[in-house]
Q: 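The structure that follows is given in the form of structure tokens.
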Amino acid sequence: MNPAVVVSEEVSAAVADGRPVVALESTILTHGLPRPRNLEVALDAEASLRSAGVVPATVGMVDGCPTVGLSTAQLERLSIGDDVAKVSVRDLPVALARNGHGGTTVAATALLAHRAGIAVFSTGGLGGVHRGASTTFDESADLVALSGIPILVVSAGVKSILDVGATLERLETLNVTVLGYRTDTFPGFYVRDSGFPVPARVESATEAAAVAAARDALGLPAAVLLANPVAADAQLDVEEHRRVLDEALDGAGVDGITGQATTPYLLDRIRRTTAGRSLEVNVAVYRGNVALGGEVATALAAR
Ligand code: PSU
Ligand code: MN
């Protein structure tokens, strides 16, 4: 039987010493970004953390081993495989039993990172409640997972292809503490403002770290979600965003796209209608969240 979690020596030493560590997911590498950009972005995220004195811990599944702290060779392997699954929590047992490869979602990454003793995790966008979920029940397992994993997740909110209002309602129900980083409104991934308010705002990484520490002092089981808007000069033009989103949603209706095919369809359509700019925003979002995660991990380690 494969081990339930493999933690790299570098990561386990840093955790044991109380040095700052940031977990990174791998679905962005395996399913989120096109090749070869995916590997460049993943390696750049690790390099930027290292240069800030933070140990990166990219999480993924290689040969049936859930791994925290993938090596560069393992990242390369996951970045090119057509045999790499998208692994959320429910998929972990299958991938483990069958020696599979996988990119771990926010849910699975948070679970494995927490088991390895890591307190901070940076991603691009969180999964959420899909439009039409009242009939399809399509809600990401990320939300339920965060209700039971006491980690701090940095995300640029959720993509506007989802039902943002319903996602925030579910986060409330699931007892996830939501913080806006220097913002009063929940970010909409490609744009800084989704139009929905956040329940609390923090002005610094230190303040966010204090909230995570307070969560731990209270013994609460849920994640803190630190919602970090993309830099103002990197966001998609707000008018353009509205237009391409409407166009993509109409297209999905006309083409009869439903279920799991919906997200890839919408994202691909938005990428084409923005002539690739949405992809650049995606990369900028991720960079910003990785940097902020590094600051929060550093602030937590200093406590
Ligand atoms: N949101 C994005 N890009 C992504 C994802 C979410 O903007 O690549 C990935 C993350 O790994 C997230 C997962 O955890 O998709 C959620 O998938 P689902 O909705 O199937 O749970
Ligand atoms: Mn789903």
Side-chain angles (χ1 to χ4, degrees), residues 23-35 37-38 41-42 45 58-61 78-79 84-92 95 102-113 121-147 149 151 153-164 166-167 170-171 174 176 186-191 194 223 225 227-230 235-236 241 245 248 257-271 274 278-290:
L24 302 169
E25 59 143 320
S26 49
T27 295
I28 189 167
L29 173 74
T30 59
H31 294 77
L33 295 172
R35 297 172 201 165
R37 199 70 195 281
N38 59 344
V41 169
T58 307
V59 177
M61 190 94 186
L78 292 184
S79 75
V84 181
K86 174 176 162 180
V87 176
S88 196
V89 175
R90 61 119 186 230
D91 309 301
L92 281 168
T104 46
T105 64
V106 169
T109 302
L111 180 88
L112 296 168
F121 164 30
S122 288
T123 181
L126 188 70
V129 180
H130 286 259
R131 291 168 188 251
S134 59
T135 50
T136 64
F137 280 68
D138 191 352
E139 170 187 326
S140 177
D142 290 352
L143 301 183
V144 167
L146 292 189
S147 72
I149 305 171
I151 196 166
V153 180
V154 184
S155 151
V158 296
K159 285 207 174 90
S160 44
I161 59 172
L162 300 175
D163 185 333
V164 180
T167 301
R170 290 289 292 145
L171 287 167
L174 293 164
V176 175
F186 198 61
F189 193 88
Y190 293 126
V191 290
S194 70
L225 178 62
N228 181 32
V230 67
Q235 75 170 342
L236 214 53
H241 173 254
L245 177 63
I257 307 295
T258 56
Q260 291 200 311
T262 308
T263 297
Y265 174 95
L266 293 174
L267 295 184
D268 185 58
R269 189 139 180 164
I270 290 171
R271 186 177 52 74
T274 61
S278 66
L279 182 60
E280 296 314 312
V281 179
N282 198 336
V283 172
V285 160
Y286 189 57
R287 281 213 183 101
N289 292 346
V290 169

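Model, not experiment: these values are computed from the prediction. All values below come from the heavy atoms of this structure, side chains included, with hydrogens, waters and symmetry mates left out. Order of appearance sets the numbers: ligands from 1, and atoms from 1 within every ligand.
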Q: Quick one: which of Thr58, Thr104, Thr27 gives a side-chain hydrogen bond (donor to acceptor under 3.5 Å, both in side chains) with Thr109?
A: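 Looking at Thr58, Thr104, Thr27, the match for Thr109 under the side-chain hydrogen bond (donor to acceptor under 3.5 Å, both in side chains) is Thr104.
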Q: Specify the protein heavy atom at minimum distance from atom 9 (C) of ligand 1: its residue, its atom name, and the distance to 0.1 Å.
A: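 Protein heavy atom at minimum distance: Thr27 CG2, 4.0 Å.
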Q: Between Asn38 and Ile28, is the side-chain contact (heavy atoms from CB on, under 4.5 Å) condition met? List the steps.
A: CA-CA 7 Å; Asn38 59 344; Ile28 189 167; over 6 Å; no
Q: Please find out if the Mn ion (ligand 2) and some N, O or S atom of Asp138 are separated by less than 2.8 Å.
A: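 Within the cut-off used here (under 2.8 Å), Asp138 does place an N, O or S atom near the Mn ion (ligand 2).
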Q: Show your working on side-chain contact (heavy atoms from CB on, under 4.5 Å) between Leu126 and Leu146 and close with a plain yes or no.
A: CA-CA 10 Å; Leu126 188 70; Leu146 292 189; 3.6 Å; yes
Q: Carefully, step by step, assess Arg170 and Val144 under the rule side-chain contact (heavy atoms from CB on, under 4.5 Å).
A: CA-CA 9 Å; Arg170 290 289 292 145; Val144 167; 4.3 Å; yes
Q: What protein heavy atom sits nearest atom 21 (O) of ligand 1, and how far away is it?
A: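 Heavy-atom neighbour on the protein nearest atom 21 (O) of ligand 1: Ser140 OG, 2.7 Å.
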Q: For Asp142, is there any backbone N or O sitting under 3.5 Å from a side-chain donor or acceptor partner on Ser140?
A: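 Present.
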Q: Any idea which of Thr123, Asp142, Leu162, Val89 brings a heavy atom closest to atom 14 (O) of ligand 1?
A: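 Among Thr123, Asp142, Leu162, Val89, the closest heavy atom to atom 14 (O) of ligand 1 belongs to Asp142.
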Q: Would you mind listing which atoms of ligand 1 come within a distance below 4.0 Å of any non-hydrogen atom of Lys86?
A: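 Every atom of ligand 1 under 4.0 Å from some heavy atom of Lys86: 15 (O), 17 (O), 18 (P), 20 (O).
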Q: Measure from atom 4 (C) of ligand 1 to the protein's non-hydrogen atoms and state whether any distance is below 4.0 Å.
A: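 Under 4.0 Å from atom 4 (C) of ligand 1, zero protein heavy atoms found.
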Q: Quick one: which ligand 1 atoms are inside 4.0 Å of a heavy atom on Lys159?
A: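 With Lys159 as reference, the close atoms of ligand 1 come out as 2 (C), 3 (N), 7 (O).
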Q: Take every heavy atom of His31, measure it against each atom of ligand 1, and state whether any distance is under 4.0 Å.
A: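 Per 4.0 Å heavy-atom rule, His31 does not contact ligand 1.
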Q: When you measure from the heavy atoms of Glu139 to every atom of ligand 1, does any distance fall below 4.0 Å?
A: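 No.
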Q: Can you confirm, on distance only, whether ligand 1 has an N/O atom lying under 3.5 Å from any N/O atom belonging to Val106?
A: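 Yes; at least one N/O pair falls below 3.5 Å.
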Q: Just need the protein heavy atom nearest to atom 1 (N) of ligand 1, so name the residue and atom and give the distance.
A: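 Closest protein heavy atom to atom 1 (N) of ligand 1: Gly125 O, 3.3 Å.
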Q: Looking only at atom types and distance, does a side-chain atom of Asn289 sit under 3.5 Å from a main-chain N or O of Gly124, one as donor and one as acceptor?
A: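 Between the backbone of Gly124 and the side chain of Asn289 there is a qualifying donor-acceptor contact (under 3.5 Å).
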Q: Apply salt bridge (Lys or Arg N to Asp or Glu O under 4.0 Å) to the pair Glu280 and Arg37, showing each step before the final yes or no.
A: CA-CA 10 Å; Glu280 296 314 312; Arg37 199 70 195 281; 2.8 Å; yes
Q: Can you tell which of Ala108, Ala110, Pro264, Gly32 gets a heavy atom nearest to atom 8 (O) of ligand 1?
A: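 Going through Ala108, Ala110, Pro264, Gly32 one by one, Gly32 has the nearest heavy atom to atom 8 (O) of ligand 1.
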Q: Applying a heavy-atom cut-off of 4.0 Å, say which part of Thr105 lies close to ligand 1: side chain, backbone, both or neither.
A: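 Both backbone and side chain.
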Q: Run the side-chain contact (heavy atoms from CB on, under 4.5 Å) test on Val281 and Phe189 for me, step by step, so that the C-alpha distance in whole Å, both residues' side-chain angles and the decisive distance to 0.1 Å come before the verdict.
A: CA-CA 8 Å; Val281 179; Phe189 193 88; 5.6 Å; no
Q: Which of the numbered atoms in ligand 1 are below 4.0 angstrom from a heavy atom of Glu25?
A: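 So the answer, numbered in order with elements, is 10 (C), 11 (O).
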Q: Does one side chain, of Ser160 or His241, offer a donor that lies under 3.5 Å from an acceptor on the other?
A: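 Side chains of Ser160 and His241: pair found under 3.5 Å.
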